[in-house]
2 protein chains.
Amino acid sequence: MAQVTPPPGRPRRSTINDVAREAGVAASTVSRAFTNPDRVNQVTRAHVLEVAERLGYAPSPTARALESGRSDTVALLVPDITNPYFSGTIKGAERAAAAAGVTLVLGDTQEHPPTEEKLVRRLGPAVDGFVLAASRMPDEALRRAAELNPVVLVNRASPGLACVVADFDTGTRQIVDHLASFGHTSFVFAGGPPESWSGSRRWVGLQAAAHERGMDVQRHGPYVPMLSSGAAAADAVLGAGATAVVCHNDMLAIGVLRRLGERGVAVPGDVSVVGFDDMFGSDFCTPPLTTLAERTEDAGARAVDTLLLQARQRSAEPGALVLPTQLRVRGSTGPARVG
Amino acid sequence: MAQVTPPPGRPRRSTINDVAREAGVAASTVSRAFTNPDRVNQVTRAHVLEVAERLGYAPSPTARALESGRSDTVALLVPDITNPYFSGTIKGAERAAAAAGVTLVLGDTQEHPPTEEKLVRRLGPAVDGFVLAASRMPDEALRRAAELNPVVLVNRASPGLACVVADFDTGTRQIVDHLASFGHTSFVFAGGPPESWSGSRRWVGLQAAAHERGMDVQRHGPYVPMLSSGAAAADAVLGAGATAVVCHNDMLAIGVLRRLGERGVAVPGDVSVVGFDDMFGSDFCTPPLTTLAERTEDAGARAVDTLLLQARQRSAEPGALVLPTQLRVRGSTGPARVG
DNA sequence: GATCACATGGCAATCGTTTGCCAAAAGTTG
DNA sequence: CAACTTTTGGCAAACGATTGCCATGTGATC
């Protein structure tokens, strides 16, 4: 019977069986040669590996996952991939995943809770767990997701779930101390989206610290954290006659800087500006931005590590890992103007 | 016989068989209800879907991939995830993948060809294809990879492979025209890594355009395209007494701007600076950078689209898709200083 | 040299789907 | 109403690995 000659297509990828046949052993032996070296004779193993190499064989993660239940894949979901703030988290997660020999699946939730839930549901059966960065999902949805898959949150907390968060309490106090040291007695907070967990933590921290120091603080916004929203925020700050503004994040802060520049307002002469995130670009805008840096790369890496721990050993320890923040003082803050 | 009661672990995810049993149909019917609606009666289908919903069933992409051969997953490999230049490509790829209902796996090759090859080999059996952005792999390795998986390159060309590239020929001519219009009669190119395909395309284009216009151009470098390399590049430019410098990319260009600022050199008064990429931040550095913008987001999206086309129908058309570039003229370029 | 343990390799079941094929049921046609 | 087509659902065989269990062969021990 003539073998069907496949038309000029892609050559079939060789499987464990091809290797087994070619090496004259059973498939199970090939499998063990790869995953369980002690279980097979050294010389057999060497031979198998040699044949595998020659055939260009690589084990199929898919088939492996199906049988073993582990996919050695973790998913990282971020609200907006393009936002440079998340670059660090992504990088860190990538690094930790690569170090652990695990594949990273990246999802963009578009700041949209339903999209996030849909992704979790779709990816769930195929990954070993989720790192949800700045998740917008309601607690209830998070709880449900965590029933089926290990979940670690980044800069978001939810009852019973492990998370990695920045130390906003200390960080915001540093900001307030810094402003106070320059003689500011009040400031404005230009707030971001109400659903943002980080945002509310920041506001709470700023209020508390301001209160401790007897400073006056008022909140404006919410503003969409984009450069273009900076104009509105800046104008509101000027309208309020404030000597300092702390912005929801650097994106907004840089937008504010721009607008102030356009309007001929001196920074920090007339108004001091502070941001959050120390995002890429914050050190080369004009003036360079004073901002509270988070260790986002660490956060991403630690989140993945925590997740893998949780997934491999089923020891679910829903602890919170708090990472220190650091105030980077640059040119956008200075002495309060008098009068 | 007493059923083994699982200790307080994660509840078992329901499978197609659970749904089938609960709905009183065969597993194949459930499968078809999801993937082949016409093949099953409307009311049966509705019932099955209802049961599936109730049980929180989601098909396992893993099992599906194993049988069907398609994983509905594509991998995007970039040299450096953190580099904001790639954000656009990543975003675009994500968008196109999401639109096609396909999962995106992200890999960071760390600008390291062996890492890239290892990733391709490891991920190969589990994905429907690769988008390789600014791949550093030698042509030969690319060819081998493309034998086993569909591959689409971004800003890299290789014989027989589909690619999406920026129109550097036109773009570089625009840069040169722009400089010439300001009276510059020569300029320096601060080059990037020699392996960079984009980099060499840029250099070739600049040379050709300069030659056409009778301008003099010399190449310095290579420089590692990071902010910190800007100092060396800037100093070299000053040493050469050039009136204009075109940098390998914006990262380097901004580094150059900084250094020139530190040294009290006026931009564009003394020296004009041009970059490539229109990376995030290029519009709010000081002065804002004149740069050649690529449509990176489009590139990522088109690459994924091309890849899926190639993967689904096995029509391998190794065409090159050339995307237009756009010169964004900002504050860093101006009239050549005289003398 | 008989006994035993251990190292090693193979058999076969399994993971959760998809899909080719067949059979039953339903509808159509003359 | 017989013969035929079409719709619809089920059976069972893959897909490519992993892994529990068993069989064999080897060397160690007494």
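Chain identifiers are assigned alphabetically (A, B, ...) following the order of the sequence lines, protein sequences preceding nucleic acid strands; residue numbering begins at 1 within each chain. Bear in mind the structure is a predicted one, so any value in this text is a computation, not a measurement.
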Subject >> Heavy-atom donor-acceptor pair, T15(A) side-chain to dC15(D) base, under 3.5 Å >> reply: no

Original post:
When you measure from every atom of DNA chain C, which of residues 58-67 of chain A have a heavy atom less than 4.0 Å away?
Top reply: L66(A), E67(A)

Original post:
Taking any atom under 4.0 angstrom from a heavy atom of chain B, which nucleotides of DNA chain C are the first and last to qualify, 5' to 3'?
Top reply: dG16(C) to dC21(C)

**OP:** Provide, to the nearest angstrom, the distance between the CG atom belonging to D72(A) and the P atom belonging to dA17(D).
**Re:** 15 Å

**OP:** Take atom CG of L55(A) and atom P of dG16(D), then tell me their distance rounded to the nearest Å.
**Re:** 14 Å

**OP:** Give the rounded distance in Å between these two atoms: CG of D38(B) and C1' of dT6(D).
**Re:** 14 Å

Original post:
With sequence neighbours left out, which residue pairs that include part of residues 84-110 of chain A fulfil the salt bridge (charged side-chain N to carboxylate O under 4.0 Å, His left out) condition?
Top reply: K91(A)-D80(B), K91(A)-D108(B), R95(A)-E297(A), D108(A)-K91(B)

Original post:
Are any of the side-chain nitrogens in D305(A) or R302(A) under 4.0 Å away from the carboxylate oxygens of its partner?
Top reply: no

**OP:** Check every strand shown and say whether Y57(B) touches a base, only sugar-phosphate, or nothing at a heavy-atom separation below 4.0 Å.
**Re:** sugar-phosphate

**OP:** Take atom CG of N17(A) and atom C1' of dC15(D), then tell me their distance rounded to the nearest Å.
**Re:** 10 Å

Original post:
Whole Å only: how far is the CZ atom of R39(A) from the C1' atom of dT19(D)?
Top reply: 9 Å

Original post:
Hey, does the side chain of R45(B) reach the backbone of A33(B) with a donor-acceptor pair shorter than 3.5 angstrom?
Top reply: yes

Original post:
Could you give the CG-to-P distance, from N41(B) to dG9(D), as a whole number of Å?
Top reply: 5 Å

Original post:
In terms of side-chain geometry, is the basic nitrogen of R64(B) or D72(B) positioned less than 4.0 Å from the acidic oxygen of its partner?
Top reply: no

Original post:
Rounding to a whole Å, what distance do you find between N36(B):CG and dT7(D):P?
Top reply: 13 Å

Subject >> Residues R156(A) and D139(A) bridged, charged N to O under 4.0 Å >> reply: yes

**OP:** Name the nucleic acid region contacted by S31(A), choosing base, sugar-phosphate or nothing; use a 4.0 angstrom heavy-atom cut-off, strictly under.
**Re:** base

Original post:
Are any of S68(A)'s side-chain N or O atoms less than 4.0 Å away from OP1 or OP2 of dT19(D)?
Top reply: no

Original post:
dG10(D) base to R32(B) side chain: any donor-acceptor pair below 3.5 Å?
Top reply: yes

Original post:
Does N155(A) use its side chain to pair, donor to acceptor, with the backbone of A166(A) at less than 3.5 Å?
Top reply: yes

**OP:** Flag the pair E117(B) and R121(B) as a salt bridge only when some basic side-chain nitrogen lies within less than 4.0 angstrom of an acidic carboxylate oxygen.
**Re:** no

**OP:** Using a heavy-atom cut-off of under 4.0 Å over every strand shown, decide if V25(A) touches base, sugar-phosphate, or nothing.
**Re:** sugar-phosphate

Subject >> The single option from E111(A), H112(A), E195(A) passing side-chain hydrogen bond (donor to acceptor under 3.5 Å, both in side chains) against R136(A) >> reply: E111(A)

Subject >> Ion pair check, E147(A) and R144(A), cut-off under 4.0 Å >> reply: no

